[in-house]
Amino acid sequence: MKKALLLLVLAQAFTVSAQDCPHCPPSPSWLTIFNPYSLPAVPEPDPLIEISTPALTRNVLASYCRRNTDVVDTIVFHHTQTPSTSTVQNINEMHLDRGSAADPWLMIGYHYTINSPYAGGTVPTPVVSQGRPFDLAGSHAGTNSYRSADEETKRLMALDGAMRCGTVSGPLTEATDKFSPSGLVKGNYNTVGIAIIGNYAKRTSENLGGWRPPNRRFPSASTIEMAGKLACELQRKHPRLKTIRVHRNYNSTDCPGLIEDRIPQIKAVAARFGCTFN
Ligand SMILES: [Zn+2]
């Protein structure tokens, strides 16, 4: 009994002196050594890439979904099928215009855009911009597109609070369309959309701005460098982000054109900075 009391007194003395207390005497040096609060914070690595955050117009009548960012495990690459000189603001306006009174669009559907010259081109100046905030579900992988996901993503997605949807005027409620009847996960919910601005698909009657054979249009080295750095920067912040796909993996579309051929190079850039993608 006496032993237990002695231990209790010692424990209390240790607790008080180990805390940051303005009324307490300074801790003896041996205690400071073992005080975890005295350890220097691990410095965050310098960001790999600068991301501009322009103010973008939003339609306050539109519905949106705020997500637990832990569910995000996949990057989906797109091209914008616009001239390479388009800006993130242009794409935002374009997506707002796609909405209707019955189905208004919130804002740009991609989370990031990369402005960069075509291979061999000199304009525009390469810049990465934030589009839709990361913690909002995107609108880029097809509204009714579902894909398989690993067990951890499915577990996180099933939790209450993983995906809360509504409008700014009403309460957000848990999404009821997170899974398909066969257990696939809604593509827009567990992904982050990155769009490389420009048109990298073949010219067709539906895509008059595309490239004509045999003059295939590839992303430049600077585009690939920026895409790889952005992917790695996102993985550093969201370690569950381990997969890179392209829009065509979700929908019947030619997006992202020849960017798809450069995904291995984008992964190689990310690997140079210590990031691994499937
Ligand atoms: Zn796309």
Side-chain angles (χ1 to χ4, degrees), residues 56 74-100 102-129 131-132 137-147 184 186-188 191-228 230-231 243-267 269 277:
L56 298 171
T74 301
I75 292 172
V76 180
F77 273 101
H78 301 261
H79 73 153
T80 53
Q81 207 172 306
T82 65
S84 67
T85 47
S86 302
T87 64
V88 67
Q89 288 89 348
N90 296 150
I91 310 298
N92 190 52
E93 294 296 327
M94 207 170 87
H95 285 189
L96 284 169
D97 288 343
R98 279 190 198 166
S100 61
D103 180 23
W105 282 35
L106 178 72
M107 64 184 306
I108 185 170
Y110 312 119
H111 296 95
Y112 299 92
T113 64
I114 300 176
N115 274 86
S116 191
Y118 295 134
T122 52
V123 288
T125 306
V127 57
V128 176
S129 302
R132 189 175 290 219
S139 182
H140 59 91
T143 307
N144 297 311
S145 183
Y146 288 77
R147 276 202 62 136
L184 303 177
K186 186 169 171 110
N188 275 328
T191 62
V192 51
I194 300 178
I196 294 174
I197 293 180
N199 195 330
Y200 293 89
K202 191 176 170 183
R203 181 185 164 97
T204 64
S205 56
E206 283 89 44
N207 181 25
L208 295 174
W211 49 265
R212 282 178 199 273
N215 301 316
R216 303 200 297 164
R217 192 182 285 151
F218 285 100
S220 64
S222 68
T223 313
I224 291 165
E225 186 76 8
M226 293 180 93
L230 176 59
T243 301
I244 289 180
R245 293 195 182 119
V246 294
H247 191 177
R248 255 168 32 79
N249 300 143
Y250 288 83
N251 277 116
S252 171
T253 169
D254 56 6
C255 177
L258 290 177
I259 291 168
E260 185 170 7
D261 292 26
R262 294 294 182 259
I263 296 297
Q265 284 90 329
I266 291 172
K267 288 179 180 174
V269 171
F277 282 96

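Keep in mind that the numbers below use all heavy atoms, side chains included, and drop hydrogens, waters and symmetry copies.
Here I91 contributes atom CD1 and S129 contributes atom OG; the two are 10.5 Å apart, rounded to the nearest 0.5 Å. Taken to the nearest 0.5 Å, the CG atom of N90 stands 7.5 Å off from the OG1 atom of T82. If you take NE2 on H111 and OG on S139, they are separated by 9.5 Å, rounding to the nearest 0.5 Å. For the atom pair CD of E93 and CG of L56, the computed distance is 9.0 Å after rounding to the nearest 0.5 Å. Between the CG atom in D254 and the CD atom in E206 there is a gap of 9.0 Å [rounded to 0.5 Å].
The closest side-chain heavy-atom distance from P117 to P126 is below 4.5 Å. Looking only at side-chain heavy atoms (C-beta outward), Y112 and I114 stay at 4.5 Å or farther from each other. Looking at heavy atoms from C-beta onward, T113 lies in side-chain contact with I108 at the 4.5 angstrom threshold. Residues P219 and H79 fail the side-chain proximity criterion, which asks for heavy atoms closer than 4.5 Å.
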Would you list the atom pairs, donor with acceptor, under 3.5 Å between side chains in residues 256-266 and any protein atom, with sequence neighbours excluded?
{"residue": "E260", "atom": "OE1", "partner": "R248", "partner atom": "NE", "Å": "2.7"}
{"residue": "E260", "atom": "OE1", "partner": "R248", "partner atom": "NH2", "Å": "3.2"}
{"residue": "E260", "atom": "OE2", "partner": "R248", "partner atom": "NH2", "Å": "3.4"}

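Judged by distance alone, the side chain of S145 and the main-chain N or O of N251 form no donor-acceptor pair under 3.5 Å. Remark: the backbone N or O of H247 is not paired with any side-chain donor or acceptor of H78 at under 3.5 angstrom. Judged by distance alone, with hydrogens and angles left aside, the side-chain atoms of N199 form a donor-acceptor pair with the main-chain N or O of A201 at under 3.5 Å.
With 3.5 Å as the limit, one finds no donor-acceptor pair spanning the side chains of D103 and S100.
Here the closest non-hydrogen pair linking F277 and T243 is CD2-N, 3.8 Å. Residues I75 and F77 come closest through the heavy atom pair CG2-CE1, 3.8 Å. Considering all non-hydrogen atoms of both residues, R203 and R212 come closest at CZ-NH2, 3.4 Å. The two residues N115 and V88 make their nearest non-hydrogen contact at OD1-N, 4.4 Å. The two atoms that bring I197 and T80 nearest to each other are CA-OG1, 3.3 Å, heavy atoms only.
Within 6.0 Å of NZ in K202 there are 12 or fewer heavy atoms belonging to other residues, nucleotides or ligands.
Remark: N188 pairs with H140, A141 by the side chain to side chain contact (heavy atoms under 4.5 Å, CB included) rule, at least two apart or across chains.
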List the steps, then state whether side-chain hydrogen bond (donor to acceptor under 3.5 Å, both in side chains) holds for Y250 with R245.
CA-CA 9 Å; Y250 288 83; R245 293 195 182 119; 2.9 Å; yes
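Ring pair Y200/Y118 is perpendicular by interplanar angle, where above 60° counts as perpendicular and below 30° as parallel.
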